[in-house]
Undergrad: 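Take this structure first; my questions come after.
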Amino acid sequence: MSLLTGKFGIVFGVANKRSIAWAIAQAWHKAGAQLAFTYQGERLKENVEELAGTFGGDTLLMPCDVTKDDDIARVFAEVGQKFGKLHLLLHSVAFAPREALEGEFLDTSREAFRIAHDVSAYSLIALARGAAPLMTESGSIVAMTYYGAEKVVPHYNVMGVAKAALEASTRYLAYDLGPKKIRVNCISAGPMNTLAARGIAGFTDMLKHYEAHAPLKRNVLPDELGATGTFLASDGAAAITGQVIYVDCGYQIMGM
Ligand code: NAD
Ligand code: 0WE
């Protein structure tokens, strides 16, 4: 028996094979979970179809823009019909308008603030509310965060504030859902070369900075995020909720 045998899960945030969501989905699948996937829009449908197809069988695949309540309602209605229950949910979704990640935080517009928080933080609350009625046996909700939530990372700007909201939401959700045996945790990942990181000015230098300064003197690998995602999803983590687990080669402990 594998760690996640008999568990049903849903994954939000696969865009391509480099997505953190795909690394964790593969690990969950290898551990025996049966998974459903959502994709942001038609643009990404083919990618996700092809990736999910590598699991064989008919994987449940649904469009979902996490800023649309109707999309979210439809997703959980379908999961209810096809799976009947749910144990795992991965939130690996973030967005802020590009201009908000370039200049000064001081210049963040009301609209950029709203969008970043809607997509990157509020969505966790909406997805947890949709999933909870299906998590009748027990549940594990995992969300991806980043160090810019707690310390200033130049140019991460409003995304840092949105991640702080995501991490605080994780704690309040953990409190509300704890009595139902539903756990809610974040993985704080070191920088990864994904679509969301591509084109960020100085990203290559950031990878080098982590290599130089993290205790383990290297960057995180996708499989290592998968392994932590599997642990948090498993009954081995049954007493862990409301936490932020750092998978960053130790970078977060450093003061200088
Ligand atoms: P990615 O681009 O592969 O994933 C981001 C996903 O967000 C995409 O699948 C995109 O479709 C989805 N998304 C954006 N807006 C959406 C919307 N309105 N509705 C539905 N989906 C939407 O990049 P990634 O690096 O894998 O990012 C995944 C998560 O990991 C994000 O929360 C990100 O903040 C976090 N993270 C990334 C890094 C990194 O360095 N790449 C480090 C720590 C945390
Ligand atoms: O969470 C993220 C990135 C999320 C993200 C990326 C983009 C790029 C394209 C959110 N919104 C957008 N909007 C776009 O238009 N990371 C943790 C990766 C990341 O992004 C940074 C980083 C790191 C690390 C931006 C500036 C500084 C550091």
Side-chain angles (χ1 to χ4, degrees), residues 12-16 18-21 24 38-41 43-44 64-69 71-72 89-129 141-174 184-210 213 219-220 225 242-248 251-252 254:
F12 295 81
V14 178
N16 60 32
R18 286 194 154 164
S19 294
I20 291 172
I24 295 177
T38 68
Y39 52 90
Q40 185 184 354
R43 195 170 44 88
L44 294 173
C64 184
D65 178 332
V66 298
T67 65
K68 303 216 163 100
D69 289 333
D71 280 19
I72 295 173
L89 185 151
L90 178 66
H91 178 288
S92 188
V93 171
F95 180 79
R98 174 162 291 279
E99 67 272 14
L101 302 177
E102 287 171 351
E104 290 188 24
F105 176 67
L106 186 63
D107 292 326
T108 306
S109 69
R110 195 182 295 276
E111 186 61 357
F113 184 98
R114 186 192 66 71
I115 292 170
H117 283 72
D118 191 11
V119 176
S120 316
Y122 180 76
S123 59
L124 179 68
I125 306 166
L127 296 184
R129 193 164 56 244
I141 296 174
V142 178
M144 297 308 305
T145 188
Y146 176 63
Y147 185 58
E150 59 182 272
K151 289 284 155 69
V152 173
V153 174
H155 305 303
Y156 198 58
N157 294 358
V158 74
M159 269 310 305
V161 181
K163 289 299 192 191
L166 179 79
E167 293 181 11
S169 299
T170 295
R171 292 185 282 272
Y172 280 92
L173 289 169
V184 190
N185 293 288
C186 285
I187 295 175
S188 186
M192 303 285 297
N193 201 357
T194 64
L195 187 63
R198 194 180 306 155
I200 304 280
F203 192 77
T204 311
D205 290 338
M206 186 177 308
L207 291 173
K208 283 198 198 121
H209 177 86
Y210 268 71
H213 296 282
N219 281 291
V220 181
L225 296 177
Q243 297 299 316
V244 177
I245 310 269
Y246 292 85
V247 183
D248 66 348
Y251 186 86
Q252 188 266 349
M254 300 305 295

Undergrad: Which atom names give the shortest non-hydrogen contact between Ala165 and His117, and what distance separates them?
TA: CB-CD2, 4.1 Å
Undergrad: Please name the pair of heavy atoms, one in Leu166 and one in Ser120, separated by the smallest distance, quoted to 0.1 Å.
TA: CD1-O, 3.3 Å
Undergrad: Just verifying a value: how many Å separate Tyr156 OH and Phe105 CZ, rounded to the nearest 0.5 Å?
TA: 12.5 Å
Undergrad: Quick one, Val247 with Ser188, criterion side chain to side chain contact (heavy atoms under 4.5 Å, CB included). Give me CA distance, side-chain angles, the key distance, then yes/no.
TA: CA-CA 6 Å; Val247 183; Ser188 186; over 6 Å; no
Undergrad: Yes or no on side chain to side chain contact (heavy atoms under 4.5 Å, CB included) for Ile200 and His155, after CA distance, side-chain angles and deciding distance?
TA: CA-CA 9 Å; Ile200 304 280; His155 305 303; 5.9 Å; no
Undergrad: Any idea which heavy atoms bring Leu90 and Ala21 closest together, and the distance?
TA: CD2-CA, 3.7 Å
Undergrad: Is a side-chain donor or acceptor of Asp65 paired with a backbone partner of Gln40 at a separation under 3.5 angstrom?
TA: no
Undergrad: How far apart are the closest heavy atoms of Ala116 and Val158, and which atoms are they?
TA: CB-CG1, 3.9 Å
Undergrad: Going by salt bridge (Lys or Arg N to Asp or Glu O under 4.0 Å), name the pairs with one or both residues in residues 117-128, residues two or more places apart or in two chains.
TA: Arg114-Asp118
Undergrad: Show, in sequence, the C-alpha distance, side-chain angles and deciding distance for Leu124 and Leu173, and conclude whether the side chain to side chain contact (heavy atoms under 4.5 Å, CB included) test is met.
TA: CA-CA 9 Å; Leu124 179 68; Leu173 289 169; 3.8 Å; yes
Undergrad: Kindly compute the distance separating CE (Met144) from CD1 (Ile187), expressed to the nearest 0.5 Å.
TA: 5.0 Å
Undergrad: Treating Asn157 as the side-chain partner and Ala100 as the backbone partner, does any N or O pair qualify as donor plus acceptor under 3.5 Å?
TA: yes
Undergrad: Between Arg171 and Val184, is there a side-chain heavy-atom distance shorter than 4.5 Å?
TA: no
Undergrad: Do the non-hydrogen side-chain atoms of Val93 and Val119 ever get within less than 4.5 Å of each other?
TA: yes
Undergrad: If the condition is ring-ring contact (aromatic ring centres under 6.0 Å, His included), which residues does Phe95 pass it with, not counting sequence neighbours?
TA: none
Undergrad: Say you draw a straight line from OG of Ser19 to CG of Leu195; how long is it, rounded to the nearest 0.5 Å?
TA: 6.5 Å
Undergrad: Any donor and acceptor pair, going by atom type alone, linking the side chain of His209 with main-chain N or O of Asp205 inside 3.5 Å?
TA: no
Undergrad: So Tyr210 and Tyr251, would you call those rings parallel, tilted or perpendicular, with 30° and 60° as cut-offs?
TA: parallel
Undergrad: How long is the straight-line distance from CG of Asn219 back to CG of Leu207, given to the nearest 0.5 Å?
TA: 5.0 Å
Undergrad: As an exercise, state the distance from CG of Asp248 to CE of Met254, rounded to the nearest 0.5 Å.
TA: 11.0 Å
Undergrad: State, yes or no, whether a side-chain contact exists between Thr67 and Tyr122 at a heavy-atom distance under 4.5 Å.
TA: no
Undergrad: Check step by step if side chain to side chain contact (heavy atoms under 4.5 Å, CB included) holds for Cys64 and Tyr39.
TA: CA-CA 6 Å; Cys64 184; Tyr39 52 90; over 6 Å; no
Undergrad: Evaluate the side-chain proximity of Asp107 to Glu104: yes if any heavy-atom separation is below 4.5 Å, no if none is.
TA: yes
Undergrad: Can you tell me how far the OG atom of Ser169 sits from the NE2 atom of His91, to the nearest 0.5 Å?
TA: 9.5 Å
Undergrad: Say whether, by atom type as modelled, one donor and one acceptor occur between the side chain of Lys163 and the main chain of Ala121 under 3.5 angstrom.
TA: no
Undergrad: Minimum heavy-atom separation for Ile72 to Ala126, with atom names?
TA: CD1-CB, 3.8 Å
Undergrad: Is it the case that the side chain of Asn185 and the backbone of Gln243 share a donor-acceptor pair, with hydrogens and angles ignored and the cut-off at 3.5 Å?
TA: yes
Undergrad: So do Leu89 and Val142 actually touch side chain to side chain, heavy atoms under 4.5 Å?
TA: no
